[in-house]
Amino acid sequence: MPDSERKKTFLNLRKKFIESRFKKLNPEQRKAVLSVKGPLLILAGAGSGKTTVLINRIQNLIEFGDAYESNEISDGITDADIDSLKELLVSGKEPSAGMRKLLKTGNIMPWNILAITFTNKAADELKKRISDAVGADSNEVFASTFHSACVRFLRRNSDAAGISNNFDIYDTDDSQRVMKDILKSRGIDSKFISPKAVLSVISRAKDEMNSPDDLRVAASSAREELFATLYHDYQLRLKNSNALDFDDLIYFTVRLLENNPEVKSYYNNRFKYIHVDEYQDTSYAQSRLIYLLTGKEGNICVVGDDDQSIYKFRGATIENILGFEERFPGSRVMKLEQNYRSTSSILNAANRVISNNVGRKGKVLWTDNEDGDLITVYKGERENDEAAFIASKIWENNKKGIPYNAHAILYRMNAQSKIFENYFIRAGIPYVVMGSLRFLDRAEIKDILSYMSILNNPYDDLRLKRVINVPARKIGQRTVENIENIASGLGIPMLEVIANASDFPILERSLKPLKEFYGLYERLAECAADKSISDLLTYVLEETGYLDMLKADGEKGQVRIENVGELMSSVKIFEDEQPEASLNDFLTDMFLASDLDNYSEENDAVVMMTLHNSKGLEFDIVFMPGMEEGIFPGDASRYDEKEIEEERRLCYVGMTRARKQLYLIFAEMRMLFGMTRRNPVSRFIEEIPEEMTNSINTGEKFLTARQKREREERRDPAILKTSITTHSIDKKRSTKKIFKGGDRIIHKVFGRGIILKATEIGDDILLEIDFDDFGKKKAMANYAPIQLDK
DNA sequence: TATCGTAGTGTTTTT
DNA sequence: CACTACGATA
């Protein structure tokens, strides 16, 4: 056999062999796994095994490089090589080291592979499953969230990025405090501009890679100019505190790569193959980041599902999926449409709901799974019937041997969980509520971490202010303000002012406590310098008197002490896993952590969480309570088709979490925010053909709700959409909120505007408002934060 | 400087 | 309704 012939034979066998390695996958999945060269967009439906595809793709890259799509082959292939490869194909045995070399091309090493996810949980799962698939090499694969990846890039290139490498990370709560300070110092009444509103404008600006100056230039009103100024102030404060917020992590990294070609080319060389999960939820800045990281070869693979895009309100933009092919010329697009998760009843119902959305890429999920049970629709009288029904179902199931953790309750808002907790406690059903209050959001945890933060970063005035008088040490508000003024006057951190307190006459009266505080700081700093993180934590607790303060606080303090204990165990775990890590690393970890990360199916408890948090998870049995107009879809979205579509996608996400059984539940009447409301059944339930559902208790009323909505659509004002029967009608509310067309108003978030149209709906008024700065929007008079503009 | 009372507020938010 | 956050008071 001539050499060229031998090569050809070997190439063919090599392809076959690689294919055989992924024979467990379906043809579409396999194709996605084997297509490693160039840009690839995978449109992966819910439950289509996208994580499996990602893992197999990475495994393929590690074991075979780009061999499947390459004709590259070393010289001197022998007949023996061909024979042994043939044998491997038949026997399915592992290839020898020598053979493995012949099977791999492209010189791709594990550290050339980058995999980006949104949650730590997803990143951890990816790492774990890659390591199960390929073993030791896998540690070198860079699998991480957007934010942790950016932190690493920024710390490594802090000089080029123009920041200090031990920067703090500010979470939403920190940002709000900063903004509140800024508004106060500018004498702006937070009644008309709330810190939240400003921060959301800033956050959006960063998502779109706009600087304060960009915002100023684009401003077309005094209000927008003010926002630009506030943005500017905010960045200045963060800079002076040596801190970045979550959005900055992305924004600064993009700027780093844009402005420093040598840094960019370093990462381009390092990350030859890039993967991004949940691409439908990326912001412009994130997609820009991915674009910059992707080298000339364009080996970028993104996975997403436009039907599961539920974070538009946070800056995610579907343009990233729609414009992918344009941005990366020569892309391939693949679809994964076979669902392995749900029964066909569930999947069909979910398909019916999502098909009502107009703006879709168009995908039809199908499944080989059995039909399974019909979707159960249950109507309760009131919200407690929802809880009673779910509790009794779970109890029955558990008697039958179905574990508690097979059940999940997915709701629209965190406030809904309370009643289930009450019922479950009474029924003795174990449960966990995910994500309502982050561990980090607990005051005691934040306090302790603040102490540690100022040791790591003495410029952190915000966190210094947080703890300077906790526990109370006679340093009052006045004193703090004085220190602040001196500090900003001299352009030095507050801590430095405290260190030299005796130089400033105005601080005379608080000199003693300030000296003591600085002494405390020095002792802590010394401890931080040469002790482990866990020792430091113990020392902080004792030395600051924080623990004593908790001990003195009776029952409440006891709970807090337990939380602090939990913090201690995460420190221990952290030290165990990363013995080399610094205090800085630990704090980063903590501030990028979320409640969700700790969720494990291992303890047998019913899980409750918001629909948003359920993305990416699956459960045998899913309950979705609160399927009512006004709740889901929520009031704010009910009159805007775009927002309804987002709610519908959220509903689709929820429904497709279920493997075997799905319960859609609503109540005829419910207490919400202090008033009893009657809500019609959610349109999403109506979008499911009745023959697909098994209705309990819904009877005639169910139809009435449907008729109600139909009639209302004909704009019959006599029929109430949502009749509000308040206990005692809040007089302020009902008299204050009278608006008519032509009125000028002030909205807390959107500022000034004029009412175009006011339509009475029940006790409420639907307003169409043309805002001076934000254009046309719709709002409900009773709920929107609106006042007449004098 | 701490505490008490009331006015205000109330989606979703992976990081 | 249930929570917080702020301001008036002791």
Protein-nucleotide distance ([X], atom [atom1]; [N], atom [atom2]), rounded to Å:
| X | N | atom1 | atom2 | value |
| --- | --- | --- | --- | --- |
| E481(A) | dT1(B) | CD | C1' | 14 Å |
| L672(A) | dT9(B) | CG | P | 17 Å |
| K184(A) | dA5(C) | NZ | P | 14 Å |
| N422(A) | dC1(C) | CG | P | 15 Å |
| R509(A) | dT1(B) | CZ | C1' | 12 Å |
| N469(A) | dT3(B) | CG | P | 12 Å |
| K180(A) | dT4(C) | NZ | P | 13 Å |
| I468(A) | dT1(B) | CD1 | C1' | 15 Å |

State which residues pass side chain to side chain donor-acceptor pair (under 3.5 Å) with [X]; sequence neighbours excluded, sorted by chain then number.
| X | result |
| --- | --- |
| E645(A) | none |
| K615(A) | D281(A) |
| T588(A) | R155(A) |
| S309(A) | none |

### Task
For nucleotides dT12(B) and dA5(C), find the distance between their C1' atoms and express it as a whole number of Å.
23 Å
### Task
Pick the C1' atom in dC3(C) and in dT14(B), then give their distance to the nearest Å.
25 Å
With sequence neighbours excluded, tell me which residues meet ring-ring contact (aromatic ring centres under 6.0 Å, His included) with [X].
| X | result |
| --- | --- |
| F623(A) | Y663(A) |
| F591(A) | none |
| F424(A) | none |

### Query
Would you call the rings of H612(A) and Y311(A) parallel, tilted or perpendicular, where under 30° means parallel and over 60° means perpendicular?
tilted
### Message
Looking at F153(A), I'd like to know if the NZ or CZ of R156(A) sits under 6.0 Å from its six-membered ring centre while staying within 45 degrees of the ring's axis.
### Response
no
### Query
Among dC1(C), dT14(B), dC3(C), which nucleotide sits nearest the side chain of K418(A)?
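Of all the options, the side chain of K418(A) is nearest to dC3(C).
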### Query
Quick one, which residues of residues 243-251 of chain A touch DNA chain B with a heavy atom under 4.0 Å?
F246(A)
### Message
Just to be sure I understand the rule, does L617(A) reach a base, reach only the sugar-phosphate, or reach nothing, if contact means heavy atoms closer than 4.0 Å?
### Response
nothing
### Task
May I ask you to say what A122(A) touches in the nucleic acid, namely base, sugar-phosphate or nothing, with a heavy-atom cut-off under 4.0 Å?
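If one applies the 4.0 Å heavy-atom cut-off, A122(A) turns out to touch nothing in the nucleic acid.
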Write down the protein N/O and nucleotide N/O pairs, taken from nucleotides 11-13 of chain B, whose separation is under 3.5 Å; answer none if there are no such pairs.
from, atom 1, to, atom 2, distance (Å)
dT12(B), OP1, N414(A), N, 3.2
dT12(B), O4', R412(A), NH2, 3.1
dT12(B), N1, R412(A), NH2, 3.2
dT12(B), O2, R412(A), NH2, 2.1
dT13(B), OP1, T610(A), OG1, 2.7
dT13(B), OP1, N613(A), ND2, 3.4
dT13(B), OP2, N414(A), ND2, 3.4
dT13(B), O2, R314(A), NE, 3.2

